[in-house]
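Just so we're on the same page: letters track the sequence lines, and every chain starts at 1.
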Amino acid sequence: MDFLYEIRVGLSNAIFECYGLNIHHNDIQVSETRKEFNGDYTYVVFPLVKELKLKPTDIAKKLGSTLVDNLDIVVGYECVQGFLNLKLSDSFWIDCLHRISKENKYGYATSNYKKVLVEFASPNTNKPLHLGHIRNILLGWSCSRILIANGYDIINTQIVNDRGIAICKSMLAWQKFGSGSTPQSTGIKGDHFVGDYYVLFEKAFVEEYSTFQQTAEAQIVYVESGSSDTKEDFFKKYKNQYFNTYSTLGAEARTMLLNWEKGDQSTLELWRQMNQWVYEGFDVTYRNMGVDFDSIYYESDTYLLGKDVINDGLDKGYFYKKDDGSVWVDLSNAGMDQKILLRNDGTSVYITQDIGTARQRYLDHKMDGMVYTVADEQDYHFKVLFEIAKRMGEPYADGLHHLSYGMVDLPTGKMKSREGTVVDADDLIDEVIEEARILSAERGEIESLSKPDQENILRKIGLGALKYFIIKVQPQKRMTFDPKESVDMQGQTGPYIQNAYVRIQSVKRKMTDNVHIEWNQYEEINEFEKTLIRHLINFPDIIKQAGEQLDPSTIANFAYALAKDYHRFYHEVRILNAETEAAKIFRTVLSDRTGYVLMTAMDLLGIEMPERM
RNA sequence: GGUUCCGUAGCUCAGCUGGAUAGAGCAACAGAUUUCUAAUCUGUCGGUCACAGGUUCGAAUCCUGUCGGGAUCACCA
């Protein structure tokens, strides 16, 4: 759907006709004319000046008059220096709206028959989701929606880190201190319940550690280390080592991990139970956020994968074996380092699992590519992973993308779990909904609705504010999350865009006439209508661009600008009591299509629209 | 130190595949509702686009360097 095709071809032809230069219409760029000048679209003639050795204004004038002669849709032009500003006919704009109205899924591309897995969320099972996960989930989900709009067949997936020392800590703490309590018996959401035991473990461990530091044994460790640090500083750094050596709790946790790896029945049973609680909790959060997954992978199933893939690659000469038996890949000729793939005891490392999981996913889904939504601290990891996949000639290697994003900071600085500054996802969601409730009560607009309807609207508004606040920022940028601003519902926010949509729905409810009658009779459009249409015709390009760059913020900014244009239009132009019947119908259709595009754009961001607010 | 990402208004962010006088929102101030939802609209105030060079008719945008901040450079995941 290229609305400006005719203009580009016209310009290409005019350049050839006037100067004999051949410029393909795909290479002709027209941009929207800035509002301080007269015109709708601008063609910059400077690039032609060098070749033609003529004055910019002369070229612009000649092309302008040629276009007016040759194209019906160009009704005027104005030249400012090397800028040719073209004015298009009202019928052109009206025709654009006609074309948009005829589309079933305006903005969406047709299928490209390619399948892509989008991985996001991927939590650990020892604690609840936090603000960082929210950014991850919003980005992943949104990119998934955007890729669907670009014609891809999408599978949403995640890799759940359900094994390892962390979950064993929670298990151990529950065994020791839980006295048989459950999420049901305590009324605590499952993921928080398990997370609480993780915290309990840490607390007990710290106590044990500080007791140890008073002992003679500790004194010997300190002295024998020959460290120049004070005793206090020394033991700050020694914590991990203590966990792996002297700590009783550490030993117990490690024993539990070993038992798990051996397949000990009672350990597995406890592990399954605790993870089950966590999943039940996660499901609630996912449901509240409006996201779901098609295919979930668990680290407990995949952590042994990859070894055979590596051995296969070893046989084919992609990798090499060191004297100690460990397997490496040398990526120095690609600007990277040497990377270990298998330890000398044959066990795998992190990247080995990823290689194995990727191949497993290919066996399961035969995808053409994958998008990994993972924070930018792992940029190098994915560079290495993708290079390895390429060298092994994996069939999906060319379709691998790392959707990298910056960390979320608080106004007070970084989130740190040790300092208790982590913002919990469920708390945050509750807060924004409560804020929506307060503001809604002041307005009183939805009071007459049923309780469940009201709750549904408040959820949409609160989450709309939160999600938009996060998704409007470009992924690669580190962002500051100010809880106060995240619940703002005025200005450049989700609710502002929702409000434009709600106004449109209100107009539509009150439009009782038959909108399906012809609206060709409308002939002269005003600047507010034109601005809206000019904005609407960009939508397919915006979707394409967002897909190519895996950048939802493109859509977010587009939706805001469109809502802004609509609010202005709504304020300046009468719709239901327009001057003429033709105007009334035209404006209703224009409103309806704007509403449709706003809703579609917000859907691509994972944000729902209320009908009233 | 090597690599990499970021640096635009007091704050949060757009604009970056080179185009006209760099835009929004928030905050502050002044206005708009007998009219379709005021979570709206209009106006005022606010800038060394980190800095210095270079390429170009033209640079916030591309290149080089400097400064500042983050990340990464594990037989951790």
ask   = Any stacking of F46(A) on G58(B), going by centres under 5.5 angstrom and planes within less than 30 degrees?
value =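 Per 5.5 Å and 30° rule: no stacking.
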query = Would F83(A) pass as stacked on A20(B), i.e. its ring centre under 5.5 Å from the base's six-membered ring centre and planes under 30° apart?
reply = yes
Atom-to-atom span, [atom1] of [X] to [atom2] of [N] - whole angstrom:
{"X": "I340(A)", "N": "C75(B)", "atom1": "CD1", "atom2": "C1'", "answer": "4 Å"}
{"X": "H571(A)", "N": "G31(B)", "atom1": "NE2", "atom2": "P", "answer": "16 Å"}
{"X": "R503(A)", "N": "U33(B)", "atom1": "CZ", "atom2": "P", "answer": "15 Å"}
{"X": "Y496(A)", "N": "U37(B)", "atom1": "OH", "atom2": "P", "answer": "17 Å"}
{"X": "Q378(A)", "N": "C76(B)", "atom1": "CD", "atom2": "P", "answer": "15 Å"}
{"X": "K50(A)", "N": "U56(B)", "atom1": "NZ", "atom2": "C1'", "answer": "8 Å"}
{"X": "D337(A)", "N": "C75(B)", "atom1": "CG", "atom2": "P", "answer": "10 Å"}
{"X": "Q490(A)", "N": "A38(B)", "atom1": "CD", "atom2": "P", "answer": "13 Å"}

query = In dot-bracket form, how is RNA chain B paired, counting a Watson-Crick or G-U wobble pair only if both its distances are under 3.5 Å and using | for bases paired to another strand?
reply = (((((((..((((.....[...)))).(((((.......))))).....(((((..]....))))))))))))....
Determine, using ring centers only, whether [Y] and [X] are less than 6.0 Å apart.
{"X": "F83(A)", "Y": "F46(A)", "value": "yes"}
{"X": "Y303(A)", "Y": "W260(A)", "value": "yes"}
{"X": "Y43(A)", "Y": "Y77(A)", "value": "no"}
{"X": "Y566(A)", "Y": "F569(A)", "value": "yes"}

ask   = Between E32(A) and N577(A), who's closer to the 5' end of RNA chain B by nearest nucleotide?
value = E32(A)
query = How do Y560(A) and V45(A) order along RNA chain B: which one's closest nucleotide is nearer the 5' end?
reply =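 The residue whose closest nucleotide sits nearer the 5' end is V45(A).
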query = Think R34(A) has a side-chain N or O under 4.0 angstrom from the OP1 or OP2 of A20(B)?
reply =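 Affirmative; the distance criterion is met.
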task = For RNA chain B, determine which residues of residues 119-133 of chain A have any heavy atom closer than 4.0 angstrom to one of its atoms, and list them numerically.
result = none
Could you measure between the two [atom1] atoms, the one in [N] and the one in [M], and give it in whole Å?
{"N": "U72(B)", "M": "C57(B)", "atom1": "P", "answer": "44 Å"}
{"N": "G46(B)", "M": "U8(B)", "atom1": "C1'", "answer": "14 Å"}
{"N": "G53(B)", "M": "A59(B)", "atom1": "P", "answer": "14 Å"}

Quiz item: N85(A) side-chain donor-acceptor pair to A20(B) base, under 3.5 Å =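 Under the 3.5 Å cut-off, the side chain and the base do form a donor-acceptor pair.
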ask   = A20(B) base to T42(A) side chain: any donor-acceptor pair below 3.5 Å?
value = yes
task = Classify the nucleic acid contact of V573(A) as base, sugar-phosphate or nothing, counting any heavy atom under 4.0 Å across all strands shown.
result =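 Touches a base.
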request  = Output yes when a side-chain donor or acceptor of H133(A) lies under 3.5 Å from a complementary backbone atom of H130(A), and no otherwise.
outcome  =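 A pair under 3.5 Å: yes.
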query = Can you give one letter per nucleotide of nucleotides 5-13 of chain B, going 5' to 3': B for a protein heavy atom under 4.0 Å from the base, S for sugar-phosphate only, - for none?
reply = SSS---SSS
